[in-house]
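The structure appears right after this line, and notes come after that.
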Amino acid sequence: MKLSSVIGVAAMAAAGVMMAVPAAAQFAKPEDAIKYRQSAFTVMAAHFGRIGAVVKGEAPYGPSVAADAKIVETMSHLPFPAFVDGTDSGDTGARPEIWKNRAKFDAAAENMQKAVAELAKVAASGDEGALKGAFGVAGKACKDCHDDFRKRR
Ligand code: ASC
């Protein structure tokens with residue numbers, strides 16, 4: 001085998017190993033996972049809120065809407081791998097129901113991800129009239145999951 005092929009195979013093997021590493025291994029401590037997912041939700045909420053201001057007429061409609069929606073869509077995928085086992089206590093608003101009914105939690109997360117992907121699509125299209133509806137659907141998806149899985153505070 002040529003050296004370049006050997007290096008290629010080694011690189012692919014390394015990539016395969018990295019992909020196989022469970023999500024839990026990405027966090028050294030439970031509080032790291034909690035902080036990570038809270039940070040992702042914080043960024044998502046900030047950009048979702050900016051779109052909300054536009055929908056409410058408190059900020060002008062413009063290109064920032066599509067940029068914010070794109071960020072929300074990207075961020076929507078980040079928190080969930082951080083709901084690892086052993087992170088249901090401590091400084092978290094996550095309810096134990098997440099780990100008791102993971103299938104329902106995953107479905108709620110997926111529902112939200114689909115709704116914000118649609119919001120990003122609508123925002124990118126520049127269809128101002130469709131924004132409010134798509135924003136409402138996404139907001140309801142956030143709320144539905146919070147109602148079942150987030151502690152009241
Ligand atoms: C937001 C935000 C949420 C959702 C939710 C929608 O802007 O921070 O958590 O919308 O309130 O009902």
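One is the number of the first residue; the rest follow in order along the sequence. In listed order, ligands and their atoms are each counted from 1.
For C142, no nitrogen or oxygen atom sits less than 3.5 Å from a nitrogen or oxygen atom of ligand 1, counting backbone and side chain alike.
Checked against H47 for a side chain to side chain contact (heavy atoms under 4.5 Å, CB included), the options V116, I71, T74 give a single hit: I71.
Nearest protein neighbour of atom 8 (O) of ligand 1, counting heavy atoms only, is A45 CB, 3.4 Å. The shortest contact between atom 1 (C) of ligand 1 and any protein heavy atom is with F48 CD2, 3.6 Å. Counting protein heavy atoms only, atom 12 (O) of ligand 1 is closest to G139 O, 3.2 Å.
Between F83 and W99, the ring planes are tilted. Angles from 30° to 60° get that label.
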- Message: As a quick check of understanding, evaluate side-chain contact (heavy atoms from CB on, under 4.5 Å) for S76 and M44, giving each step before the final call.
- Response: CA-CA 7 Å; S76 74; M44 195 179 352; 4.1 Å; yes

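The same ILVMFWY cluster, assembled from side-chain heavy atoms under 4.5 Å apart, contains both F41 and V43.
If you number the atoms of ligand 1 from 1 as listed, the ones under 4.0 Å from a heavy atom of H146 come out as 9 (O). Remark: ligand 1 atoms within the under-4.0 Å shell around heavy atoms of K143 are 12 (O).
Classification of E110 and K114 as a salt-bridged pair holds, one side-chain N sitting under 4.0 Å from a carboxylate O.
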